[in-house]
Amino acid sequence: MKGLQQIKSEIDRLVSTSNKTELEVVEALQKHYFNKAVTAEIKLYKKKKKKVAQITKDLKISHRRFYKILEDKKVEFTKYNKSKIEGEE
């Protein structure tokens, strides 16, 4: 609990010195740490040490969102194509 009190006091100090609210500060921190986690997972994905299913489970995001992040960061990936084969019906 002492660590949480320290974090709260740091956020309050930051709010008093800037023109942001507590929620804006927390959202900025959440974005920062989410991006940090995504970057670490992408490194493992590039080395083929982790699969998309495990990464999306760890980050608690959808596979579509993860593929969009990969697209935005210009990382090469292959998607499973669920379309029917032309000979089947």
Side-chain angles (χ1 to χ4, degrees):
M1 280 300 191
K2 192 170 187 171
L4 186 59
Q5 272 309 104
Q6 188 177 3
I7 292 170
K8 286 180 183 178
S9 65
E10 288 294 324
I11 289 174
D12 290 338
R13 192 174 308 134
L14 182 63
V15 167
S16 65
T17 59
S18 69
N19 59 352
K20 293 184 178 186
T21 64
E22 290 93 348
L23 284 176
E24 289 173 334
V25 171
V26 171
E27 286 174 6
L29 285 171
Q30 192 269 340
K31 280 183 185 178
H32 170 74
Y33 284 108
F34 178 76
N35 287 334
K36 189 176 178 181
V38 166
T39 303
E41 296 291 339
I42 287 175
K43 286 179 185 176
L44 293 173
Y45 177 75
K46 283 182 181 178
K47 293 177 183 176
K48 298 185 180 190
K49 296 198 180 216
K50 259 190 166 178
K51 294 185 178 186
V52 174
Q54 190 175 5
I55 292 171
T56 56
K57 185 178 177 184
D58 292 346
L59 294 176
K60 296 178 183 152
I61 60 173
S62 70
H63 63 281
R64 290 180 181 175
R65 184 172 176 199
F66 183 69
Y67 284 125
K68 178 67 175 151
I69 291 169
L70 289 177
E71 227 173 69
D72 292 344
K73 293 188 181 258
K74 296 180 175 103
V75 175
E76 234 178 86
F77 63 92
T78 55
K79 261 189 181 176
Y80 176 70
N81 189 1
K82 290 186 179 180
S83 64
K84 291 184 179 179
I85 299 173
E86 290 179 15
E88 291 183 12
E89 283 214 35

Member of Thr56, Val52, Asp72 meeting the side chain to side chain contact (heavy atoms under 4.5 Å, CB included) criterion with Tyr67:
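When side chain to side chain contact (heavy atoms under 4.5 Å, CB included) is applied between Tyr67 and each of Thr56, Val52, Asp72, only Val52 qualifies.
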In this structure, are over 12 heavy atoms from other groups packed under 6.0 Å from Gln6 atom CD?
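No, because the 6.0 Å sphere around CD of Gln6 holds 12 heavy atoms or fewer from other groups.
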Should we say atom NZ of Lys73 is surrounded by more than 12 heavy atoms from elsewhere, each under 6.0 Å from it?
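Yes, the 6.0 Å shell around NZ holds more than 12 heavy atoms from other groups.
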Does Thr21 offer a backbone N or O that forms a donor-acceptor pair with the side chain of Glu24 under 3.5 Å?
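Checking the backbone N and O of Thr21 against the side chain of Glu24, a donor-acceptor pair under 3.5 Å is found.
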Side chains of [X] and [Y]: closer than 4.5 Å at any heavy-atom pair?
X	Y	result
Glu22	Asp12	yes
Thr39	Lys43	yes
Gln54	Lys57	no
Lys50	Asp58	yes
Lys46	Val75	yes

Mind listing the closest non-hydrogen atom pair of Phe34 and Arg65 along with its distance?
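In terms of heavy atoms, the two residues are closest at CE2-NH2, 3.7 Å.
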Path from [X] to [Y] over hydrophobic side-chain contacts below 4.5 Å:
X	Y	value
Tyr33	Ile7	yes
Leu59	Phe77	yes
Leu70	Leu44	no
Leu14	Leu29	yes

For the atom pair CD1 (Ile55) and CD1 (Ile42), what is the distance rounded to the nearest 0.5 Å?
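If I round to the nearest 0.5 Å, the distance is 8.0 Å.
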When rounded to the nearest 0.5 angstrom, what distance separates CG in Leu4 from OG in Ser9?
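The CG atom of Leu4 sits 10.0 Å away from the OG atom of Ser9.
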With sequence neighbours excluded, tell me which residues meet side-chain contact (heavy atoms from CB on, under 4.5 Å) with Asn35.
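None.
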